[in-house]
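Scope of the values below: all heavy atoms of this structure, side chains included, with no hydrogens, waters or symmetry mates. Order of the sequence lines sets the chain letters (A, B, ...), proteins ahead of strands, with each chain counted from 1.
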Amino acid sequence: MKPLEFLRVAWESISRNKLRSLLTMLGIIIGVASVIIMIAISSGTEATIEEQITGLGSNLVFVTANFTRAGFGFGGPQGGRSSGLVFDDAFAIAEEISGVKAVVVEQPSSENVKFENITLSGVSILGTTSDFPSVRDMEIDQGRYFNQIEIDRKQKVAVLGSSLAAELFGESNSIGQTVTVDTTKLVVIGVLQEKGLVGDVDFDSRLYTPITVVFQKFTPSQFARFRGDRVRVIYVEIEELDRINDTILQIELLLAKRHDVSLEEADFNLTTQQAIIATQEATTAAFRSLLAWVAGVSLIVGGIGIMNIMLVSVTERTREIGVRQSVGATPADIRWQFLTEALLLSLAGGVIGVIAGAGGSWLFGEIGGMRTVIVPTSILLAFASAVIVGVFFGFYPANKASQLDPIEALRYE
Amino acid sequence: MMDQKTIIQTTQLTMVYGMGEISVAALDGVSIQIQTGEFVAIMGPSGSGKSTLMNILGCLSKPTSGSYILDGEDVSELSKVELAAIRNQKLGYVFQSYNLLARTSALSNVMLPLLYDRQKQPDRETREIQAKAVLEAVGLEDRMLHQPHELSGGQQQRVAIARALVNDPVLILADEPTGNLDSKSGEEIMDLLHVLHDQGRTIVMVTHDPEIARHTERAIHLQDGRVETVIENGRTGRIIRTGGGDHEAA
Ligand SMILES: Nc1ncnc2c1ncn2[C@@H]1O[C@H](COP(=O)(O)OP(=O)(O)O)[C@@H](O)[C@H]1O
Ligand SMILES: [Mg+2]
């Protein structure tokens, strides 16, 4: 029998039993679709992380307070000796460490913002320093950012994120207008360009003001009341990536001296951008291998499904097998017939699975709000493994069919 | 002893099912000889080994011992694959229960043996032409695209006969071909077999019905897996008793 004849016979048999064929394909369809969807989700996550990393700006070192070591200002276990990370630490780093390009301090708050008859509640307020736009890669759209003099003098000025500006002022010019934050009046001196979401932080809906103003007027947190100039994070931008370790050591030594602690019991942590990237990459890699396992298992389950239904089908079709044998089909003919059926079913299941996978990925993106990227090689991979799995698991039933005794098969009820 | 016209010659065929104490000798030393062009009936009570003999003659199973020469070739030692080729090239089998493929047209059913023809490997068009010709020959030219469930029992058996004929076999084996049919359809099937016989086909048929057997040239009676008697009717339907035991027709 020629290969084409096998294909025709297999096709006839598949189309004669549509429901059974569909059931056989189901496992493969689910397997292929889930491989594609999972790879799409994981690629989407990776793309998000990548953007986040680029969005953070390069050559960054984060100095954070280590609260388990730092006192809380009113005599904790190690209280009194250290006051944690303070505003002045940032200036010290900027002035005393060579190779530092910029230093930024942030102090967040949340207040009601009012302009004429528009009141927005719970607007995110960020007290920063003048290097903020360069360190966080923000561009000025209109006006300007505040400078060091305004910070020192606690000038009541504000720079608006693009969406906040649009909400408060619409199309009209906001520069020179006065907005009321809580009860403090701030003069708008600039509007930032749109940046979009970086991670889950919306840079565009915030109001930026000198950090000294936040300390003086808005700081709501508990311990900030005791030490109003305490900060959570100091961002340090390094000039040369090659010398980053040296610069880090210098910062550590400086802060240890200022806080009067040894490096071993430091009340601060220094983290590099690279360390964060490495952690995130490790997380995605783990995520990806987990997905690969899940996808692999679902394909194997699909294969077992094919085997299961084909075994039932061989039993159901025992008589047919006997009839074919009685008119001259050899064991090889029978084996090839069933193998061809398994191959056709897994090919068809693969095609449907690819369509379902692409559709599913799209749905996850549109409705599930997840970011998905369909990777062409994942389609190829899923499709190829479906066919391999189908033929692999189809072999046992096909072989079983070929070994049937003609007489027994013909007598089967 | 064996001339050119001998199509079947078996020597001391035995067939034992099962093993040890529970083993059953379905055939116990059957030696028969059948000539080309003969119409032979095989008779005997239920369980006497008729179907077992037919399955061996039809190369569907191999005897436990003994030899079987079909059309000049010893087939008792052939492999599964070789037996499949013999069935495909030389034999046509008609079953009591028709054994047509369900949900498959009469035409496709009749084309089936040609699909497995390794020697000629006829293309689809040739297969269709040949199958149509035999379907016409059995009087089913207007039922070719009907599926088995759309046909009467008699019609289904005629499709099965067409399938048995499509490869132009040297031997047609029919195991109780009228067993599932009412008497009128049964007669029609017998008429068809007689026509085929008149055309020179060699037919071996199992039957219960003495009336049907009377219209064959010879009736071989089995009992407990042995040949009991052979009744020679001749072409005239004359009955000649020739005794029991192992038998070789002249
Ligand atoms: N596959 C089998 N396994 C075991 N015993 C069998 C098998 N086929 C037939 N037999 C036994 O062999 C004997 C002859 O059976 P069979 O040839 O079918 O008789 P008949 O067709 O004359 O009724 C019976 O006793 C039957 O039970
Ligand atoms: Mg029987």
Check: residues 133-141 of chain B side-chain donor-acceptor pairs under 3.5 Å, at least two apart:
none

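- By number of non-hydrogen pairs under 4.5 angstrom with chain B, the leading residue of A/Glu12, A/Glu320, A/Arg16 is A/Arg16.
- Of all the listed residues (B/Leu112, B/Leu100, B/Val81), the one sharing the greatest number of non-hydrogen pairs under 4.5 Å with chain A is B/Leu112.
- Interface remark: A/Arg317 contributes no atoms to any contact with chain B (heavy atom separation under 4.5 Å).
- Salt-bridge check for B/Lys62 with A/Asp405: failed, with every basic side-chain N at 4.0 Å or more from each acidic carboxylate O.
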Mind listing the side-chain donor-acceptor pairs of residues 345-369 of chain A below 3.5 Å, one per line with the distance, residues two or more places apart or on another chain?
unit_1   : atom_1 : unit_2   : atom_2 : d
A/Ser346 : OG     : A/Ala342 : O      : 2.8
A/Ser346 : OG     : A/Leu343 : O      : 3.1
A/Ser361 : OG     : A/Gly357 : O      : 2.7

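- Using a 4.5 Å cut-off between heavy atoms, A/Gln403 contacts chain B through both its backbone and its side chain.
- A salt bridge links A/Glu413 to A/Arg319: one of the charged nitrogens lies within less than 4.0 Å of a carboxylate oxygen.
- Residue with the most contacts toward chain A among B/Leu83, B/Asn99, B/Asn167: B/Asn99 (heavy-atom pairs, distance under 4.5 Å).
- For a residue to count as touching a neighbouring chain, one of its non-hydrogen atoms must lie under 4.5 Å from one of that chain's; by this rule B/Ala164 does not touch chain A.
- Ion pair B/Arg124/A/Glu5 not flagged as a salt bridge, since none of the NZ, NE, NH1 or NH2 atoms sits closer than 4.0 Å to an Asp/Glu carboxylate oxygen.
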